[in-house]
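Structure, as structure tokens:
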2 protein chains.
Amino acid sequence: MKDKDVAQILRDKGLRVTPQRIAIYECLAGTTAHPTAETVYQQLHSKYPSMSLNTVYKTLLVLEAAGLIQRFTTADSVFRYDANPAEHVHAVCLKCGRVSDVPGDFGEELERLRAKAVGNSDYNIRYSTLLVYGLCPECKR
Amino acid sequence: MKDKDVAQILRDKGLRVTPQRIAIYECLAGTTAHPTAETVYQQLHSKYPSMSLNTVYKTLLVLEAAGLIQRFTTADSVFRYDANPAEHVHAVCLKCGRVSDVPGDFGEELERLRAKAVGNSDYNIRYSTLLVYGLCPECKR
DNA sequence: AAACAGCAGATAATCATTATCAGAAGCAAA
DNA sequence: TTTGCTTCTGATAATGATTATCTGCTGTTT
Ligand SMILES: [Mn+2]
Ligand SMILES: [Mn+2]
Ligand SMILES: [Zn+2]
Ligand SMILES: [Zn+2]
């Protein structure tokens, strides 16, 4: 997704386009690491020394509300952010906390699970999150 | 699971059996609501006025380490506790935060997902958590 | 350029969870 | 049953992530 698109999506939602919003989105779009707000802040601090952590948090909320990114939480209870807002499977390392995408198309499996959950639950189901926990390549020695 | 069993499991792990531990386990075993630590604390406060919230937290960690319960986190980033330590599917209400078990046996589907994730990921996968988000019966009006 | 509404940054507040430590209590041995 | 050791509990404080508040600034529209 290019800057122009992000800017346009923001404008279409009545939101302003600011350098901070573009920078934070690009930071997320340019990594596969599912960083925390703190990590995003540190990444951008050299290029944008005046940007505050609070702005990072608020901007991430704005981007999420606009449907541009997703936010999720793992067992360590720190929010992770992902420039890919589509449902997909995440692997979480039990030792170092790293979060990675699980490659492959799980659309069919997730859809089947969803259908079964919809049938069995009295909830009006909107979406689902699947996390698999284990040891990352580095940590499994 | 009866008290005697819990007590014995604790003893087998070299842990002491205390009224607080039994009470907290029974509180969890007697509900399907997946309470937070704070909720467990409030539930027990009338019967055990001297029990502290800190003890609830530490006891829940002990019970989890003993494999008697499981802990997980939802989108609101507050830990939920469950006397059923087996993998199963949870539904989370987007409006009120309620967490319910999704009935039905998802063992086969979860196993298939796990197998596919194991094949596609370079993580050494141990377990997984599947949460479905939506509106609970109360909140969907 | 001007004017307005929304945004960024500094700061403080909040909330859940964990750490610390002294006294109480479970447990095993005597 | 009593003793003695060790672990646990509860009071309190600390931590860490996230959010709230407020003032000055900036993007946007005219
Ligand atoms: Mn991802
Ligand atoms: Mn459950
Ligand atoms: Zn790792
Ligand atoms: Zn609800």
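Convention: sequence-line order gives letters A, B, ...; per-chain numbering from 1.
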Rounded at 0.5 Å granularity, tell me how far CZ in A/Arg80 sits from NE2 in A/His90. 10.0 Å
What integer distance in Å separates [X]:[atom1] from [N]:[atom2]?
{"X": "A/Lys13", "N": "D/dT28", "atom1": "NZ", "atom2": "P", "value": "17 Å"}
{"X": "B/Ile24", "N": "D/dC8", "atom1": "CD1", "atom2": "C1'", "value": "12 Å"}
{"X": "B/Leu44", "N": "D/dT9", "atom1": "CG", "atom2": "P", "value": "13 Å"}

For nucleotides 17-19 of chain D, print each protein N/O atom paired with a nucleotide N/O atom at under 3.5 Å, atom names and distance only.
unit_1 : atom_1 : unit_2  : atom_2 : d
D/dT18 : OP1    : A/Phe79 : N      : 2.7
D/dT18 : OP2    : A/Tyr57 : OH     : 2.4
D/dT18 : O5'    : A/Tyr57 : OH     : 3.4

Which residues end up grouped with A/Leu61 if you chain together Ile, Leu, Val, Met, Phe, Trp and Tyr wherever their side-chain heavy atoms are less than 4.5 Å apart? none
Members besides B/Val102 in its Ile/Leu/Val/Met/Phe/Trp/Tyr cluster (side-chain heavy atoms under 4.5 Å): A/Val89, A/Val102, A/Phe106, A/Leu110, A/Leu113, A/Val118, A/Tyr123, A/Ile125, A/Leu130, A/Val132, B/Val89, B/Phe106, B/Leu110, B/Leu113, B/Val118, B/Tyr123, B/Ile125, B/Leu130, B/Val132
For the residue pair B/His34 and B/His88, does the interplanar ring angle fall in the parallel (under 30°), tilted (30 to 60°) or perpendicular (over 60°) class? tilted
Please check this pair: side chain of A/Gln20 against backbone of A/Val56, looking for a donor-acceptor N/O pair closer than 3.5 Å. no
Using only atom types and a distance under 3.5 Å, with no angle test, would you say the side chain of B/Asp101 pairs donor to acceptor with the backbone of B/Pro103? no
Is B/Leu94 reachable from B/Val78 through a run of I, L, V, M, F, W or Y residues, each pair having side-chain heavy atoms under 4.5 Å apart? no
Test item: [X] and [Y] side chains (from C-beta on) under 4.5 Å apart, heavy atoms:
{"X": "B/Thr74", "Y": "B/Tyr133", "answer": "yes"}
{"X": "B/Cys136", "Y": "B/Ser100", "answer": "no"}
{"X": "B/Leu63", "Y": "B/Thr59", "answer": "yes"}
{"X": "A/Glu87", "Y": "A/Ser128", "answer": "yes"}

Under the salt bridge (charged side-chain N to carboxylate O under 4.0 Å, His left out) rule, what do A/Glu109 and B/Lys116 come out as? Steps first, then yes or no, please. CA-CA 10 Å; A/Glu109 286 83 355; B/Lys116 186 165 184 177; 3.3 Å; yes
For A/Ala75 and B/Arg71 the tightest heavy-atom approach is O-NH2, 4.4 Å
Students often get this wrong, so: under 4.0 angstrom with heavy atoms, is B/Val62 touching a base, only sugar-phosphate, or nothing? nothing
Close N or O pairs between protein and nucleotides 23-26 of chain D (under 3.5 Å):
unit_1 : atom_1 : unit_2  : atom_2 : d
D/dT26 : O2     : A/Arg16 : NH1    : 3.4

Taking five pairs at each end of the helix from C/dA1-D/dT30 to C/dA30-D/dT1, what angle separates the two helix axes (nearest 10°)? 40°
Which nucleotide of DNA chain C is the first, and which the last, in the 5' to 3' direction, to come under 4.0 Å of a heavy atom belonging to chain B? C/dA16 to C/dC27
Under 4.0 angstrom between B/Thr55 side-chain N/O and D/dG10 OP1 or OP2: yes
